[in-house]
Amino acid sequence: PRSSSQQSIVAMETVTKTFNEVVEDIKNQSVPSISKNMGILCFLLNVFLPGVGSMVAGAMESKWSTVIIGVLQLLTCWFILGWIWSIWWGWLIFSKSSDGFSPLG
């Protein structure tokens, strides 16, 4: 059995790794690839319920960094920035799911 200090270290390493994944996904605009129909649904969810589409897409692909991004979009939508971010992320999810088109080139 691990001591509480070892468990704390493992927990902190996990949090740090997840945080780094979220930062990298944001910087690289990395979104999960899902089916076309789900891409449309996630885009619409992100437009009308900011962050929810990101959370759904992330959960579908077990990409937890995207789920966290969705939560951040939901928490910041009241400042308009989160809503705009959510719409953009929804568009990226849709674009990647439909035909591989990337608006970034």
Side-chain angles (χ1 to χ4, degrees):
R2 294 183 174 164
S3 70
S4 64
S5 63
Q6 288 173 323
Q7 289 175 342
S8 296
I9 290 171
V10 169
M12 192 59 163
E13 288 173 349
T14 303
V15 168
T16 301
K17 180 182 174 197
T18 303
F19 175 78
N20 289 336
E21 287 175 12
V22 169
V23 169
E24 285 302 310
D25 282 357
I26 292 170
K27 284 183 359 186
N28 298 325
Q29 298 190 17
S30 174
V31 296
S33 181
I34 57 177
S35 71
K36 182 176 182 178
N37 291 338
M38 286 306 296
I40 293 168
L41 177 64
C42 288
F43 173 67
L44 292 174
L45 283 171
N46 268 8
V47 170
F48 297 106
L49 297 169
V52 174
S54 298
M55 290 184 266
V56 169
M60 288 178 61
E61 294 294 314
S62 297
K63 189 169 168 106
W64 303 113
S65 56
T66 302
V67 174
I68 293 169
I69 289 169
V71 170
L72 292 173
Q73 291 167 345
L74 181 63
L75 293 174
T76 59
C77 72
W78 311 113
F79 305 110
I80 303 300
L81 176 66
W83 186 52
I84 294 169
W85 180 21
S86 179
I87 293 170
W88 175 248
W89 217 252
W91 174 253
L92 291 175
I93 291 169
F94 169 71
S95 296
K96 188 171 182 181
S97 69
S98 58
D99 61 4
F101 167 75
S102 173
L104 301 175

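Please read these numbers as outputs of a predicted model, since none were measured by experiment. All heavy atoms count here, side chains included; hydrogens, waters and symmetry mates do not.
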query: Would one find more than 12 heavy atoms of other residues, nucleotides or ligands at under 6.0 Å from atom CH2 of W83?
result: no
- line: Residues S86 and G51: closest non-hydrogen pair is OG-N, 2.8 Å
- prompt: Do the non-hydrogen side-chain atoms of T76 and L81 ever get within less than 4.5 Å of each other?
  reply: no
- request: Please tell me if the side chains of M55 and L45 come closer than 4.5 Å, counting only heavy atoms from C-beta onward.
  value: no
- prompt: CG of L74 to CH2 of W85: how many Å apart, nearest 0.5 Å?
  reply: 11.0 Å
statement: The side chain to side chain contact (heavy atoms under 4.5 Å, CB included) partners of S65 (sequence neighbours excluded) come to E21, V22, D25, K63
- line: Looking only at heavy atoms, the pair that brings G39 and S97 closest together is CA-OG, 3.3 Å
- prompt: Is there any side-chain hydrogen bond (donor to acceptor under 3.5 Å, both in side chains) pair reaching into residues 66-75, and which pairs are they, with sequence neighbours excluded?
  reply: S54-Q73
message: Could you see if I68 belongs to whatever hydrophobic cluster contains V23? Use Ile, Leu, Val, Met, Phe, Trp, Tyr and a side-chain cutoff under 4.5 Å.
response: no
query: What is the ring orientation for F43 with F94, classed by angle as parallel under 30°, tilted 30 to 60°, or perpendicular over 60°?
result: tilted
message: Testing the basics here: between I93 and C42, what is the closest heavy-atom pair and its distance to 0.1 Å?
response: CG2-CB, 4.2 Å
- request: Please round to the nearest 0.5 Å and tell me the distance separating atom OG of S30 and atom CH2 of W89.
  value: 7.0 Å
statement: Closest non-hydrogen atoms of M60 and I34, given as atom of the first, atom of the second and distance, are CE-CG2, 4.3 Å
L92 with I84, same ILVMFWY side-chain cluster at under 4.5 Å: no
- prompt: Can M38 be reached from L44 by stepping across I, L, V, M, F, W or Y side chains whose heavy atoms are under 4.5 Å apart?
  reply: yes
message: To the closest 0.5 Å, what do you measure between CZ (F19) and CD (E24)?
response: 10.5 Å
